[in-house]
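To keep things clear, I will list the structure first and then write my remarks on it.
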Amino acid sequence: MRPKMIWANLAVTNLERTQKFYTELGFKPNNPHTSDELVSFFFGENEFVIHFFLKNIIERNLKTMNFGDPQDSNEIIFTLSADNKTQVDDWAQEVKNAGGTIISEPESFGEHYYGFVFADPDGHKFNVFFM
């Protein structure tokens, strides 16, 4: 297999809230793919795409798949790379300001790692990491 692209699809309960949250964090909308069923954003310099579908729509489209509640379990945790510790701290504040939940405050992990974990308003987890 040699896929041209890879992207993620996550289930959410409120598209307006999701769009507001990721827009406030400065992620670039993937506008051709925004509709009344999903919002989509580019992440990182390579523009990794994450589609946020309404839960009932993605479950219907995939036919045999049910999505768990990300408030109670982890479906996947994406890691966002930071350039330095100051950027990690700044991003933590941006997440708070945008309405996200800090799961673990910025801290050091061993000698060479510094980061924090946050959840978006639907509970999807992200790890922010400087190494």
Side-chain angles (χ1 to χ4, degrees):
M1 258 198 234
R2 291 186 171 263
K4 184 176 173 182
M5 282 186 69
I6 183 171
W7 62 88
N9 299 306
L10 298 175
V12 300
T13 58
N14 184 314
L15 291 178
E16 287 180 35
R17 180 182 67 194
T18 300
Q19 185 157 13
K20 181 179 184 299
F21 179 76
Y22 288 101
T23 298
E24 284 186 22
L25 292 180
F27 291 101
K28 182 174 132 185
N30 184 9
N31 285 328
H33 297 288
T34 296
S35 71
D36 61 349
E37 296 181 350
L38 76 120
V39 295
S40 180
F41 289 89
F42 293 109
F43 289 76
E45 290 178 12
N46 292 328
E47 297 190 330
F48 180 76
V49 174
I50 300 179
H51 294 310
F52 297 90
F53 280 89
L54 286 172
K55 187 175 187 289
N56 64 319
I57 300 298
I58 196 167
E59 287 178 344
R60 183 189 72 211
N61 290 348
L62 296 178
K63 295 180 181 36
T64 61
M65 200 164 295
N66 293 318
F67 282 75
D69 183 352
Q71 300 290 345
D72 297 326
S73 62
N74 293 322
E75 56 201 327
I76 189 168
I77 295 179
F78 293 102
T79 298
L80 307 175
S81 64
D83 290 332
N84 52 55
K85 288 182 178 183
T86 301
Q87 190 173 55
V88 170
D89 294 335
D90 290 346
W91 288 358
Q93 189 58 52
E94 287 181 32
V95 167
K96 290 176 189 175
N97 293 345
T101 302
I102 302 298
I103 305 297
S104 65
E105 292 288 339
E107 63 181 315
S108 293
F109 301 92
E111 286 184 43
H112 305 288
Y113 307 103
Y114 184 76
F116 72 99
V117 177
F118 74 91
D120 73 5
D122 279 281
H124 302 294
K125 313 296 185 304
F126 290 81
N127 179 35
V128 174
F129 201 65
F130 166 68
M131 177 173 63

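- In this structure, the separation between CZ on F130 and CZ on F116 is 14.5 Å, given to the nearest 0.5 Å.
- Remark: the backbone N or O of V117 is paired with a side-chain donor or acceptor of S104 at under 3.5 angstrom.
- Contact annotation: the side chain of K85 approaches that of S108 to within less than 4.5 Å [non-hydrogen atoms, C-beta and beyond].
- Between W7 and H51, the angle of the ring planes goes over 60°, which puts this pair in the perpendicular group of the 30/60° scheme.
- Contact check for F27 versus I50: no side-chain heavy atoms found under the 4.5 Å cut-off.
- L80 CG to F126 CZ: the interatomic distance, rounded to the nearest 0.5 Å, is 6.0 Å.
- Residues T23 and F41 form a side-chain contact, since some pair of their non-hydrogen atoms from C-beta on lies under 4.5 Å apart.
- Contact check for V12 versus N14: no side-chain heavy atoms found under the 4.5 Å cut-off.
- With contacts defined as side-chain heavy-atom distances shorter than 4.5 Å, the pair Q87/V128 does not qualify.
- Among all heavy-atom pairs drawn from P106 and A92, the shortest one is CG-CB, 3.8 Å.
- Taking CG of N97 as the reference point, atom CZ of F21 lies at 10.5 Å (rounded to 0.5 Å).
- Between K20 and E24 a salt bridge is recorded (basic side-chain N to carboxylate O distance below 4.0 Å).
- Atom CG of residue D120 and atom CG of residue L10 lie 8.0 Å apart, to the nearest 0.5 angstrom.
- Between V39 and Y22, every side-chain heavy-atom pair lies at or beyond the 4.5 Å cut-off.
- Nearest heavy atoms, S40 versus V49: OG-CG1, 3.5 Å.
- Taking 4.5 Å as the limit, some side-chain heavy atom of I102 sits within range of a side-chain heavy atom of F118.
- With K125 contributing its side chain and G123 its backbone, the two residues share a donor-acceptor pair below 3.5 Å.
- The two atoms that bring F129 and M131 nearest to each other are CE2-CB, 3.9 Å, heavy atoms only.
- Considering all non-hydrogen atoms of both residues, S35 and L15 come closest at O-CD1, 4.0 Å.
- Atom CZ of F52 sits about 11.5 Å away from atom CG of N30, to the nearest 0.5 Å.
- Ring geometry for F78 against F48 counts as tilted: the plane angle lies between 30° and 60°, on a 0 to 90° scale.
- Closest approach of L54 to D36, counting heavy atoms only: CD1-O, 3.6 Å.
- Other residues, nucleotides and ligands contribute only 12 or fewer heavy atoms inside 6.0 Å of the CD atom of E45.
- By the 6.0 Å contact criterion, CG on N31 is enclosed, its count of non-hydrogen atoms from other residues, nucleotides or ligands being greater than 12.
- Annotation: side chain of D122 is in contact with side chain of T18 (closest heavy-atom distance under 4.5 Å).
- Side-chain contact of N84 with Y114: a donor-acceptor pair under 3.5 Å is absent, judged by distance alone.
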